[in-house]
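Small disclaimer: the values here were computed from a predicted structure and weren't measured. Position 1 is the first residue of the sequence; numbering continues from there.
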Amino acid sequence: MLITGARVFDPKKGFVTRDLSLWDGKIVPRCEGEAVDLSGCWILPGLTDLHFHGCVGEDFSDATADGLQKMADYELSRGITQICPSGMTLGEDTLTQVCRTAAAHRTKNAGGAELVGLHLEGPFLCYAKKGAQNADYLRDPDLAMLHRFQEAADGLVKLVTLAPEQPGSIEFIQTAEKEGIRVALGHTTADYDTASAAFEAGAKQVTHLFNAMPPFTHRAPGVVGAAFDHPGVMVELICDGVHIHPSVVRAVFQLYGADRVILISDSLRATGMPDGKYPFGGQEIVVKGNRATLADDPNTLAGSVSDLMACVVTAVSFGIPLKDAVTAAAVTPAKALGIYDRVGSLDVGKEANLAILNPDLSLKAVLFHGEVVSGQL
């Protein structure tokens with residue numbers, strides 16, 4: 001397939017009007033055959049969401065094969081071609097089953113967005129900043145437990161969030177990083193020095209920056225300042241229009257640069273569903289519009305009801321250039337998960353996973369391995 005006339009994403013140049021050739025599921029230098037004129041449209045690499053919990057009534061922590069398949073199908077339909085779903089703070093037996101379900105899904109390869117890993121957001125968090133996590137299952141960082149989860153997941157655990165002030169954190173970080181598991185700081189009361197020590201030990205990411213951590217102030221910069229001072233660290237940002245003020249979103253992109261920002265959805269099972277009450281990690285949440293809160297604490301946010309593509313559009317509406325928003329939703333997360341050699345950009349040789357947007361940024365079509373799987377050209 002030859003696509004002509006569209007504005008094609010380039011990691012260095014932004015969007016360039018040029019032809020894009022697809023053949024046998026890959027992006028190629030040039031091909032003959034059917035030509036499709038998409039003048040005025042935007043072509044993005046398929047997005048990668050490395051922090052989301054659920055959608056369309058399903059949650060990753062339910063640990064059901066059918067639920068995970070529904071999630072993968074929905075994500076793909078929204079232009080999110082790679083997923084790394086997130087577990088929550090739950091009992092070891094439940095999280096073990098979550099890991100096994102992910103491994104079985106990966107082996108089955110039944111379609112939908114590609115499952116490229118899983119993220120353990122807990123249970124190694126601190127009580128004071130637990131947010132919507134279930135306090136009954138919180139525990140200090142435990143390498144033996146991590147290894148049990150990794151065995152159950154058949155090596156799919158790629159990311160784990162922890163609070164670095166908890167006992168044993170430094171050893172945990174050092175070992176996990178050596179074993180190829182990326183560590184993010186989150187749900188934490190850590191000050192600047194504690195966070196810096198964790199980054200120097202090997203932690204490379206921050207879970208949903210600003211949320212569930214101390215604020216960034218002029219005398220106490222905390223995790224936010226420590227991450228800035230360690231250039232290799234990437235920061236997640238929920239850009240759903242609820243969690244982070246537009247001015248702060250703009251400031252984060254200026255402060256860190258798009259190549260260090262990872263847009264995430266942190267989406268819940270209520271994403272793609274009507275308003276109402278939904279179960280959430282042994283608790284109940286209430287969804288109204290684009291806001292989800294704990295039923296027994298309406299001041300505590302419980303994740304988002306926006307998918308990652310919607311977050312990209314929201315970021316643009318806040319004044320973030322489309323190039324930077326796409327970088328943060330496609331390039332940076334792919335690099336964080338170690339899959340940028342085959343996805344995350346539209347370079348020759350990479351997989352032909354594309355999201356095609358209309359001029360107004362509405363989603364026109366999704367291609368996966370070169371085939372149209374949603375919408376139409």
Looking only at side chains, do Gln69 and Asp73 share a donor and an acceptor under 3.5 Å apart? yes

Residue Glu179 excluded, over 12 heavy atoms near CD under 6.0 Å: yes

Rounded to the nearest 0.5 Å, what's the gap from CD1 on Ile262 to CD1 on Ile238? Could you check? 12.5 Å

Determine whether the side chains of Asp229 and Tyr192 contain a donor N or O and an acceptor N or O closer than 3.5 Å. yes

Heavy-atom distance under 4.5 Å between the side chains of Thr94 and Tyr137, does that happen here? no

Quick one: are Ile27 and Leu20 in side-chain contact, heavy atoms under 4.5 Å? yes

With a 3.5 Å distance limit and no angle check, can you tell me whether His53 reaches the backbone of Ser86 through a side-chain donor-acceptor pair? yes

Residue from Leu90, Leu95, Thr96 passing side-chain contact (heavy atoms from CB on, under 4.5 Å) with Glu92: Thr96

Interatomic distance, NE2@His105 vs CG@Leu115, rounded to 0.5 Å, equals 5.5 Å

Restricting to non-hydrogen atoms, name the atom on Ala103 and the atom on Ala153 that form the minimum distance, rounded to 0.1 Å. CB-O, 3.5 Å

Could you check whether Arg18 pairs with Asp10 (Lys NZ or Arg NE/NH1/NH2 to Asp/Glu carboxylate O, under 4.0 Å)? no

In one Ile/Leu/Val/Met/Phe/Trp/Tyr side-chain cluster, 4.5 Å: Val242, Val313: no

Determine whether more than 12 heavy atoms belonging to other residues, nucleotides or ligands lie under 6.0 Å from atom CZ of Arg291. no

Exactly one candidate in Ser265, Ser304, Cys84 meets side-chain contact (heavy atoms from CB on, under 4.5 Å) with Phe52; the answer is Ser265

Check for a donor-acceptor pair, side chain of Asn358 on one end and backbone N or O of Asp360 on the other, with a separation under 3.5 Å. no

Please examine the side chains of Pro45 and Val326, heavy atoms only from C-beta on, and report whether any two atoms are closer than 4.5 Å. yes

Mind running side-chain contact (heavy atoms from CB on, under 4.5 Å) on Gln82 and Asn353 for me, showing each step along the way? CA-CA 9 Å; Gln82 295 80 227; Asn353 297 344; 3.0 Å; yes

Any side-chain donor paired with an acceptor under 3.5 Å for Asp191 and Thr194? yes

Thr332 side-chain N/O to Ala258 backbone N/O, donor-acceptor pair under 3.5 Å: yes

Membership question, hydrophobic clusters at under 4.5 Å side-chain separation (ILVMFWY): are Leu143 and Phe124 in the same one? yes

Could you check whether any side-chain N or O of Arg7 sits under 3.5 Å from a backbone N or O of Ile43, counting only pairs where one atom can act as donor and the other as acceptor? no

Do Leu263 and Val249 share a hydrophobic cluster (ILVMFWY, side-chain heavy atoms under 4.5 Å, transitive)? yes

Please find the pair of heavy atoms, one from Lys158 and one from Gly117, that lie closest to each other, and give the distance. CG-CA, 3.6 Å

Carboxylate-amine/guanidinium proximity below 4.0 Å for Arg30 and Asp19: yes

What heavy-atom pair brings Ala334 and Gly344 nearest, and what distance separates the two atoms? CB-CA, 4.2 Å

Against the six-membered ring of Tyr340, is Lys350 placed for a cation-pi contact (under 6.0 Å from the centre, within 45° of the normal)? yes

State whether the number of non-hydrogen atoms from other residues, nucleotides or ligands found under 6.0 Å of Asp136 atom CG is greater than 12. yes

Can any side-chain N or O of Arg250 pair as donor or acceptor with the backbone N or O of Phe318 at less than 3.5 Å? yes

Hydrophobic cluster membership, Val8 vs Leu367, 4.5 Å side-chain cutoff: yes

Counting only heavy atoms not in Glu284, do more than 12 fall under 6.0 Å of its CD? yes

Closest non-hydrogen contact found for Glu75 with Cys55 is OE2-SG, 3.6 Å

Check for a donor-acceptor pair, side chain of Ser267 on one end and backbone N or O of Gly54 on the other, with a separation under 3.5 Å. yes

Glu114 with Arg342: basic N within carboxylate O range, under 4.0 Å: yes

Derivation and outcome, side-chain contact (heavy atoms from CB on, under 4.5 Å), residues Leu354 and Ile3: CA-CA 12 Å; Leu354 321 176; Ile3 299 175; 4.2 Å; yes

Tightest non-hydrogen contact, residues Thr161 and Leu125, listed as O-CD2, 3.7 Å

Main-chain N/O of Phe172 paired with Thr175 side-chain donor or acceptor, under 3.5 Å: no

Can you confirm whether the side chains of Asp37 and Ser39 place a donor and an acceptor under 3.5 Å from each other? yes

So does Val233 get a backbone contact from the side chain of Arg260, meaning a donor-acceptor N/O pair under 3.5 Å? yes

Are any non-hydrogen side-chain atoms of Leu361 and Leu322 less than 4.5 angstrom apart? yes

How are the rings of His187 and His208 set relative to one another: parallel (under 30°), tilted (30 to 60°) or perpendicular (over 60°)? perpendicular

Dump the intermediate steps for side-chain contact (heavy atoms from CB on, under 4.5 Å) on Val183 and Leu162, then the final yes or no. CA-CA 7 Å; Val183 176; Leu162 63 73; 3.9 Å; yes

Rounded to the nearest 0.5 angstrom, the CG-SG distance for Leu308 and Cys239 is 10.0 Å

Could you please spell out the steps behind the side-chain contact (heavy atoms from CB on, under 4.5 Å) verdict for Leu156 and Arg106? CA-CA 9 Å; Leu156 272 176; Arg106 174 78 174 180; 3.9 Å; yes

Would you indicate whether the side-chain heavy atoms of Lys129 and Thr188 approach each other to under 4.5 Å? no

Give a yes or no on whether Val316 and Phe253 share a hydrophobic cluster (residues Ile, Leu, Val, Met, Phe, Trp, Tyr; joining criterion: side-chain heavy atoms under 4.5 Å apart). yes

Establish, from distance only, whether the side-chain atoms of Thr189 and Glu165 form a donor-acceptor pair under 3.5 Å. yes

Is it the case that over 12 heavy atoms from other parts of the model lie below 6.0 angstrom from the CD atom of Glu171? no

Grab the two heavy atoms, one from Pro85 and one from Leu68, that are nearest each other, plus how far apart they are. CG-CD1, 4.5 Å

So, do Leu76 and Thr81 sit near enough that their side-chain heavy atoms are less than 4.5 Å apart? yes

To the closest 0.5 Å, what do you measure between SG (Cys99) and CZ (Phe60)? 7.0 Å

Please say which of Asn211, Thr207, Leu209 ends up in a side-chain contact (heavy atoms from CB on, under 4.5 Å) with Glu236. Thr207

Could you tell me if the side chain of Asp49 sits less than 4.5 Å from the side chain of Ile264, heavy atoms only? yes

Is any side-chain heavy atom of Leu50 closer than 4.5 Å to one of Gln205? yes

Parallel, tilted or perpendicular for Phe199 and His230, by the 30°/60° rule? tilted

Are the side chain of Gln150 and the backbone of Val157 linked by a donor-acceptor contact shorter than 3.5 Å? yes

Can His243 and His245 be said to form a ring pair (Phe, Tyr, Trp, His ring centres under 6.0 Å), step by step? CA-CA 7 Å; His243 282 77; His245 191 280; over 10 Å; no

Under the 3.5 angstrom rule, does the side chain of Ser77 hit a backbone N or O of Tyr74 as a donor-acceptor pair? yes

